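Keep in mind that this is a model prediction, so the values were computed, not measured. Quick note on labels: first sequence line is chain A, next is B, and so on, each numbered from 1.
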2 protein chains.
Amino acid sequence: MFYLLIMLTYLGGKLSIYAHRKDVYNLLMPRTKQTTKTGIIAIAKVAGVAPSTVSRFFNNGQVSAKTRAKIEKAVEKTGYRPDARAASLRRGSTNRIGVILPDAGNPAYSIAMRVFHDQLREHGYSMVLGCTYGSVEEEHKLLQFMQQDHVDGIILYTCEGPQDKISHQMLKQLLDQKIPIVYVGKQNTLLPTDNLSVDNKLGIEKAVRYLKRIGRKHIAFLSGDTSNWAYQQRVESFKRAIKSLKLKTSPKSILAHGQSTVETGSALFPKLMEQAPRTDAIICSNDTMAIGAMYAAQQLGMKVPEDLAVIGFDDIQMASLVRPQLTTIRQPILDIAQQTCQFLLSRLSGDMASMALQSLLLEPELVVRESA
Amino acid sequence: MFYLLIMLTYLGGKLSIYAHRKDVYNLLMPRTKQTTKTGIIAIAKVAGVAPSTVSRFFNNGQVSAKTRAKIEKAVEKTGYRPDARAASLRRGSTNRIGVILPDAGNPAYSIAMRVFHDQLREHGYSMVLGCTYGSVEEEHKLLQFMQQDHVDGIILYTCEGPQDKISHQMLKQLLDQKIPIVYVGKQNTLLPTDNLSVDNKLGIEKAVRYLKRIGRKHIAFLSGDTSNWAYQQRVESFKRAIKSLKLKTSPKSILAHGQSTVETGSALFPKLMEQAPRTDAIICSNDTMAIGAMYAAQQLGMKVPEDLAVIGFDDIQMASLVRPQLTTIRQPILDIAQQTCQFLLSRLSGDMASMALQSLLLEPELVVRESA
DNA sequence: AATTAAACTGGAAACGATTCCAGTATTGTG
DNA sequence: CACAATACTGGAATCGTTTCCAGTTTAATT
């Protein structure tokens, strides 16, 4: 009788007389607890068991054959699949790994990325990808995003130099949250992260030394991505090597601009020849640029390697496919990628949480082919 | 007095006399409601406001200047960042897009992938990547995973042929959940998804026709990834073109094996010459294989294009970098990628939810360079 | 058959956000 | 100054899992 009255006044459009007091209102008009249409409690109901049991079913917990059958039938019928978001929220881990690299379009990185993808997937992780294009700000944003997304671990091909601190705070926070980070490309002495890198300085040195040995007098350097520390370092190493080998090179023989692509290489080379026409050898900050430059040289009527020796950096597959084949400073991309994954996975497996820091500095090797 | 007694008996090691009944026990020993150490309610407490207000603060809701300041201070102090998982659980959307492609290491795809990454990121989406390597089972698994992960949309470079049905059920389910899918690589006539593809048949036809025109008599075909429908289709189209142009080609001039890589191309070519020594032209199912085959031919002392004409498919950057430059069937990878994103983004923006199906079949173009 | 141990199941509290509502403070208007 | 409109804030429910306990069945053991 009482309820009926309420309903009527409510349906009438106003809920005044009996429900002007909040407590009364809430009592009589609770949030419409609508029956869940999806989710584990729905399917539990269908199967006639408790949600906790269904959860166990999906997580290799112990469930009797009978119950298992009931649940399987219900799953079959409803097409139910557990929601990974909810699970991860409750459980803590997402089984997601963040991978940050300068450029997924550059073969040097996309090959590494493939290794990451395969290995991570094999271990049940999925991979979210972010590209920085050499921008430290972007790197920072991506890290922040990945923190909020609660990835379980991060592979970071950083482009930050030792002087930059933009991401430092963020990384520290991530580490405090016990999120393992593998740092690729440079050693971060300030933070306890595993790291892998190739000795850029040594690589460039080898190249310069070689060019001197084969009698080149005017060596130039072409670089892109000046905001990316790895490339900066290569330029710096070049300057230092020149000095220590007592070669003379005007600042005009060092050009740095744009992205490190084939196009940039092609575009930069003519400029270089204008500024430093006596150039008889160039080193480029990576293979794609070197290939671009080499072709530009040929277009200008120069013979490689007779008139111009060309040396790249990375040893991507393309290097041995172009003609003349590119002489280059090889970094073992695949090995690095493989090892990077190993570092991360061992951290993730957890039993090695307190494992000592792993650090690897690889020695690059000069691969002499036809272009120098 | 009463409580004290309970505490004592509990501390004594047993909780028997007063707590042997479940309800009494639960009453006296509620789940330790430990103070939340992290999360929005923690920071709300620090700032002295309600969680709902903090939420508004982070979602551009209306918050007064005073409150805003309080929250900012608290955020500053605690380093709090909202948890994207929880938000997505409650709100429904994840701002995550799944991208599935055959091989992220293949330049044809990695270039497309870069486009996806950049455009999606620009619109606030992150990208999870999955590679199938031509396996329909893997494609299915990835789709299933992405469903559970509740991505907001999917870009799918499928490798399923029209006969396969493995993923059909899954895709239907996804579409029922209003998750937009853009289908790249073939038209799916059974499902209402936007789709883009290049006319493989026409492309191959053009190539065969051209080879006939320049007087080649014994044309062979090299393919990899036989499980990937796109590649299958190219082989089939080849057979059909041969027949319709009344050329004679023995089944021995068609080899298909392994992944479509440079290495496979190199490995397959000598076998081909054994089986069909009179071959004077080959078409490969993609550029990387073509490059591999071309170099293998040169290694065998054959001259390209004089002794052997080589035609690839895709027109990746490398095609114009190798010597001789590769003649190839060009598909406008960048345009396709761009358009794919547009399709997806317009679906996601929602106001076009009921928009008509978008379907695009692009015409490939034969780019004649030096190798044929 | 009587215990004891083991396997299994159910109930309810989290995880950390968002979102309705309903209040309260603040401003604007005549 | 009164009163309406508007801006702002707080409370509680909810998203869909997992997990801890306690309780209950089944199996093992002597």
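Minimum heavy-atom separation, A:G39 to A:Y80: C-CE1, 3.6 Å. Looking at every heavy atom in both residues, A:L348 comes nearest to A:P180 through CD2-CG, 3.7 Å. Across A:T53 and A:V63, no two heavy atoms sit closer than the pair O-CG2, 4.3 Å.
Under 4.0 angstrom from either OP1 or OP2 of C:dG10 there lies at least one side-chain N or O belonging to A:T53.
To the nearest 0.5 Å, atoms CG (B:D152) and CD1 (B:I179) are separated by 7.5 Å. Atom CG of A:L89 sits about 9.0 Å away from atom NE2 of A:H150, to the nearest 0.5 Å.
D:dC8 atom C1' lies 12 Å from atom CZ of B:R68, rounded to whole Å. If you measure from atom CG of B:N60 to atom P of C:dT18, you get 11 Å, rounded to the nearest angstrom. Across the protein-nucleic acid pair, A:H150 atom NE2 and D:dT17 atom C1' stand 16 Å apart, rounded to whole Å. Distance CZ (B:F57) to P (C:dA17): 14 Å, rounded to an integer number of Å. The separation between B:K45 atom NZ and C:dG16 atom P is 13 Å, rounded to whole Å. At whole-Å resolution of the value, CD1 in A:I40 and P in D:dT19 are 11 Å apart. Taking atom CD1 on B:I41 and atom P on C:dA14, their separation rounds to 11 Å, with Å as the unit. Put simply, CG on A:D149 is 13 Å from P on C:dA17, counting in whole angstrom units.
Residues meeting the side-chain contact (heavy atoms from CB on, under 4.5 Å) test with A:S167, sequence neighbours left out: A:E139, A:H140, A:L143, A:E160, A:L171. Legend: residues meeting salt bridge (charged side-chain N to carboxylate O under 4.0 Å, His left out) with B:D149, ordered by chain and number and at least two apart, are A:R96, B:R96. With sequence neighbours excluded, the residues forming a ring-ring contact (aromatic ring centres under 6.0 Å, His included) with B:Y157 are B:Y109, listed by chain and number.
At the heavy-atom level, B:V54 lies nowhere under 4.0 Å from the strands shown.
Residues B:L156 and B:L142 are not in side-chain contact: their nearest non-hydrogen atoms beyond the backbone lie 4.5 Å or more apart.
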Short N/O separations, protein against nucleotides 4-8 of chain C, under 3.5 angstrom:
| from | atom 1 | to | atom 2 | distance (Å) |
| --- | --- | --- | --- | --- |
| C:dC8 | OP2 | A:Q62 | NE2 | 3.4 |

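Applying a 4.0 Å cut-off to non-hydrogen atoms, none of the residues of residues 141-148 of chain A approaches DNA chain C. Near-neighbour residues of DNA chain D inside residues 74-96 of chain A, defined by a heavy atom below 4.0 Å, number-ordered: A:Y80, A:R81, A:P82, A:D83, A:A86, A:A87, A:R90, A:R91.
Defined by atom type and a distance below 3.5 Å, a donor-acceptor pair is missing between the side-chain atoms of A:Q358 and A:Q342.
Surrounding CD of A:E76 are at most 12 heavy atoms belonging to other residues, nucleotides or ligands under 6.0 Å away.
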